[in-house]
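Working notes, beginning with the structure itself.
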Amino acid sequence: MSQLSQVKAQVLQVAGDAKSTAGGLSAFKSKFSQAVGQVNATIGGTTTGVDKQMIATLQAAERQLESAINARQQAAQAANDWAARA
């Protein structure tokens, strides 16, 4: 196996891992989003304001999850594109 073929195989493995991880994160994000909604429905509107901080923190985490999913999907696509042209 040539060196290029070996690198190509490794890149395709990384692409598969990135895609798989993105899928797992996506499933987690769905559950996480439901939990954020439940927290908001349960403690939203308290007079202490702690609820707003908690919900804002959870929503920030949710956005970061979305960014992580997108980054892995883009990496998988780029790796697959490269491997198809190499």
Show me the side-chain donor-acceptor pairs of residues 77-86 shorter than 3.5 Å, one per line, residues at least two apart or across chains.
from: Q77; atom 1: NE2; to: D81; atom 2: OD1; distance (Å): 2.7
from: N80; atom 1: ND2; to: A76; atom 2: O; distance (Å): 3.2
from: R85; atom 1: NE; to: D81; atom 2: O; distance (Å): 3.2

What ring pair (Phe, Tyr, Trp, His ring centres under 6.0 Å) pairs are there with at least one residue in residues 38-69, not counting sequence neighbours? none
With rounding to the nearest 0.5 angstrom, report the NZ to CD1 distance, K52 to I55. 9.5 Å
Please say yes or no: joined through hydrophobic side-chain contacts below 4.5 Å, possibly via intermediate residues, are V7 and L12 part of one cluster? no
Pairing residues for K29 by the salt bridge (charged side-chain N to carboxylate O under 4.0 Å, His left out) criterion, not counting sequence neighbours: E66
If a pair satisfies salt bridge (charged side-chain N to carboxylate O under 4.0 Å, His left out) and one of its residues is in residues 10-24, list it, with sequence neighbours excluded. none
Output all residues satisfying side-chain hydrogen bond (donor to acceptor under 3.5 Å, both in side chains) with S5, sequence neighbours left out; order by chain, then residue number. S2
Scan residues 19-54 for pairs that pass ring pair (Phe, Tyr, Trp, His ring centres under 6.0 Å), counting only residues two or more places apart or in two chains. F28-F32
Any pair with a residue in residues 69-78 that passes salt bridge (charged side-chain N to carboxylate O under 4.0 Å, His left out), sequence neighbours left out, goes on the list, sorted by first then second residue, please. none
Other hydrophobic cluster members with V14, side-chain heavy atoms of Ile/Leu/Val/Met/Phe/Trp/Tyr under 4.5 Å, chained? none
By the side-chain hydrogen bond (donor to acceptor under 3.5 Å, both in side chains) test, which pairs, at least two apart or in different chains, include something from residues 30-40? S33-E62
Counting only heavy atoms not in Q6 (residues, nucleotides, ligands), do more than 12 fall under 6.0 Å from its CD? yes
Hey, could you give me the CG/CZ distance between L58 and R63, rounded to the nearest 0.5 Å? 10.5 Å
Might you point out which heavy atoms bring A68 and L25 nearest each other, and give the distance in Å? CB-CD1, 4.1 Å
